[in-house]
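Only heavy atoms go into these numbers, but all of them, side chains included; no hydrogens, no water, no symmetry mates. Protein chains get the first letters and strands the later ones, always in sequence-line order, with residue 1 at the start of each.
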2 protein chains.
Amino acid sequence: MILRKLDKKPEEAREGELGLSECLLDRTGFLLKKAALRIQEAYEGRLDPLGMAAKHYGVLSVLEEKGSITQHEIGRCIYVDRTTMVGILDDLEKKGLVERKEHPTDRRSHAVYLTSKGKEAVGKAHHLASTVEKRFLECLSAREQKELRQILRKLVVSHYSSTKASERGEG
Amino acid sequence: MILRKLDKKPEEAREGELGLSECLLDRTGFLLKKAALRIQEAYEGRLDPLGMAAKHYGVLSVLEEKGSITQHEIGRCIYVDRTTMVGILDDLEKKGLVERKEHPTDRRSHAVYLTSKGKEAVGKAHHLASTVEKRFLECLSAREQKELRQILRKLVVSHYSSTKASERGEG
DNA sequence: AAGTGATAATCAGTAATACTGATTATCAGT
DNA sequence: ACTGATAATCAGTATTACTGATTATCACTT
């Protein structure tokens, strides 16, 4: 292929094809990374009305599902580093959506709880997240959407053990 | 669920289930992000012997496929920002894998070429990348692997237009 | 009861990434 | 010559995920 900058507008030069790289569109690594960026972009700002970002939503979801658990356990559930958890919980506590309480049996740990405000927020967040994902995935058939989730889930769970060992209490 | 820190080792407490969040394992956003991180991790260091990282591999692939194109065009092919391209090409030029030459008709642009060393490197990189992905995907059936690529490709191409307009020459 | 090694939360600092905005040189069209 | 757009570059920002160290506490040994 020869340089052909000045003869045509780029958009017209490659109609359907868009000029993307064929080779990389067959690399799962490339595709995963770009798809992840795009959906992150789709989420961006959508949770702002609730005073949270995607990272906060993940924590609230886990707390809703599991009840009161420690910071370390939340991290394990959502593959988030212990040091990153501190900041996320600081945010959420400041917003009044969670509380760090004394752990009943282990004074090193914090027992993290959803406040009633937090419970309300996570309900709304579920709704917003569903809307965002629905729109993002609408270029796929219902079957493809389901298949994508199943396959990704398999991948993520299989590679669970590749998370840094120190973060899973196996040091 | 009640706090139950001290009665069991975490590993034994939840055998198959691993304590992951059911709710988030149904969120495509969460799954895409974590899967992308894991495969990135799988790539990490594997291209070092060739003196490059994944981001360099992407650029070399495009150049191999499209021949000499401008920096901006490379970026469009692989969804990389113009400012990020500068650094990546600096690296590659330093390693002697690409050359920035004068563009034959547009003196603002650079015509970027693979050197013979670069051509050799990208061939080896293809091989390494295939190995990395094969291992990463081996928890999936051949059908699932193919399906995953097709679905992700559909997603990425559909959301091509959500790339920052300024990066696609539509400002 | 004291001692040892592991663990939970925290903090400070690092490295990588993707970006914004400004600058310079050049181009295309008036 | 003048205007607005574009290509490459640079400086600086925000975010993310992490490393390593610290403090308090726990579980277990002796």
(Q) Just verifying a value: how many Å separate B:Lys95 NZ and B:Thr115 OG1, rounded to the nearest 0.5 Å? (A) 13.0 Å
Q: Between C:dT20, D:dT25, C:dA12, spot the one nearest the side chain of A:Thr83, thanks.
A: C:dA12
Q) D:dT25 base to A:Arg107 side chain: any donor-acceptor pair below 3.5 Å? A) no
Q) If you find the nucleotide of DNA chain C closest to A:Asp90 and the one closest to A:Leu37, which residue's nucleotide is nearer the 5' end? A) A:Asp90
**Q.** N or O in side chain of B:Arg100 less than 4.0 angstrom from D:dT9 OP1/OP2
**A.** yes
Q.
Under 4.0 Å between a side-chain nitrogen and a carboxylate oxygen: does that hold for B:Glu93 and B:Arg100?
A. yes
Q: Take the protein atom CG of A:Asp106 and the nucleotide atom C1' of C:dT7, then report the distance between them rounded to whole Å.
A: 8 Å
Q. Closest to the B:Thr84 side chain: D:dA17, C:dC19, D:dC10?
A. C:dC19
Q.
Of the options D:dA8, C:dT20, C:dT10, whose atoms approach the side-chain atoms of A:Val86 most closely?
A. C:dT10
Q: May I have the distance from A:His110 (atom NE2) to D:dA24 (atom C1'), rounded to whole angstrom?
A: 10 Å
**Q.** Nearest-angstrom distance from the residue atom NZ of A:Lys55 to C1' of D:dC18
**A.** 14 Å
**Q.** Length of the line joining A:Glu41:CD and D:dT15:C1', which is rounded to integer Å
**A.** 15 Å
Q. For the side chain of B:Ser109, counting heavy atoms from C-beta on, which of D:dC26, D:dA8, C:dA18 is nearest?
A. D:dA8
Q) Any N or O donor-acceptor pair linking the side chain of B:Arg108 to the base of C:dT24 at under 3.5 Å? A) no
Q. Would you call the rings of A:Tyr57 and A:His126 parallel, tilted or perpendicular if under 30° counts as parallel and over 60° as perpendicular?
A. perpendicular
Q | For atom CD of A:Gln40 and atom P of D:dT15, their distance in whole Å | A | 12 Å
Q: For A:Ile69 and C:dA9, give me the distance from atom CD1 to atom C1', rounded to whole Å.
A: 15 Å
Q. For A:Glu147, which residues count as a side chain to side chain donor-acceptor pair (under 3.5 Å) partner, sequence neighbours excluded?
A. A:Arg143, B:Arg143
Q: Could you state the atom-to-atom distance from CZ of A:Arg82 to P of D:dC18 in whole Å?
A: 10 Å
**Q.** B:Glu120/B:Lys124 salt bridge by N-O under 4.0 Å criterion
**A.** yes
Q | Atom pair distance, as rounded to whole Å: CD in B:Glu73 and C1' in D:dA7 | A | 11 Å
Q: Please determine, for the side chain of B:Lys33, which listed nucleotide (D:dT19, D:dT16, D:dT9) has the closest atom?
A: D:dT16
Q. Choosing from D:dA17, D:dA8, D:dG20, which nucleotide comes nearest the side chain of B:Gln71?
A. D:dA8
